[in-house]
Amino acid sequence: MYLHVTGIVTAERERLAPHAEEEARVLRRLKADGVVVSSFRRTDKPGVFLIVEAESLDSAREHLNQLPYAADGFLTFEFIEVGRL
């Protein structure tokens, strides 16, 4: 299943900074594992758009909650199932 995921940053930049290196490392791993197919940084406000491939919505949540920002409650997600054209 493919999901369009909107990540919403819920913390100030200062609280994110200590976790930035680990966040980038985990995101690279999720990309290498084929979970995160595409990732985009929002330009209008803090946040991200992701295309995720997972077996289920619960599986997608489990994978993305490995990201330090999400694990620490600094990033929340909204999920929409999508299909290929």
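Numbering of residues begins at 1 and proceeds along the displayed sequence. Fair warning: this is a prediction, and the values are worked out from it, not measured in the lab.
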Going by chain and number, the hydrophobic cluster around Val52 (ILVMFWY, side chain to side chain under 4.5 Å) further includes Met1, Leu3, Val5, Val9, Leu16, Val26, Leu27, Leu30, Val35, Val36, Val48, Leu50, Leu57, Leu64, Leu67, Tyr69, Phe74, Leu75, Phe77, Phe79
Glu62 atom CD, over 12 foreign heavy atoms within 6.0 Å = no
Salt bridge (charged side-chain N to carboxylate O under 4.0 Å, His left out) involving Glu22 - partner list, sequence neighbours excluded = Arg25
Thr76 side chain to Thr10 main-chain N or O, any donor-acceptor pair under 3.5 Å?
-> no
All ring-ring contact (aromatic ring centres under 6.0 Å, His included) counterparts of His63, not counting sequence neighbours = none
Under 4.5 Å between side-chain heavy atoms, hopping through other hydrophobics if needed: is there a path connecting Val37 to Ile80?
-> yes
Sequence neighbours excluded, the answer for ring-ring contact (aromatic ring centres under 6.0 Å, His included) partners of Phe49 is His4
Partners passing salt bridge (charged side-chain N to carboxylate O under 4.0 Å, His left out) against Arg29 (at least two apart in sequence or in another chain) = Asp33
Any chance you could lay out the side-chain contact (heavy atoms from CB on, under 4.5 Å) test for Tyr2 and Arg84, step after step, and finish with the verdict?
-> CA-CA 8 Å; Tyr2 288 95; Arg84 290 196 177 268; 3.1 Å; yes
Sequence neighbours left out, what pairs pass salt bridge (charged side-chain N to carboxylate O under 4.0 Å, His left out) with at least one residue falling in residues 2-17?
-> none
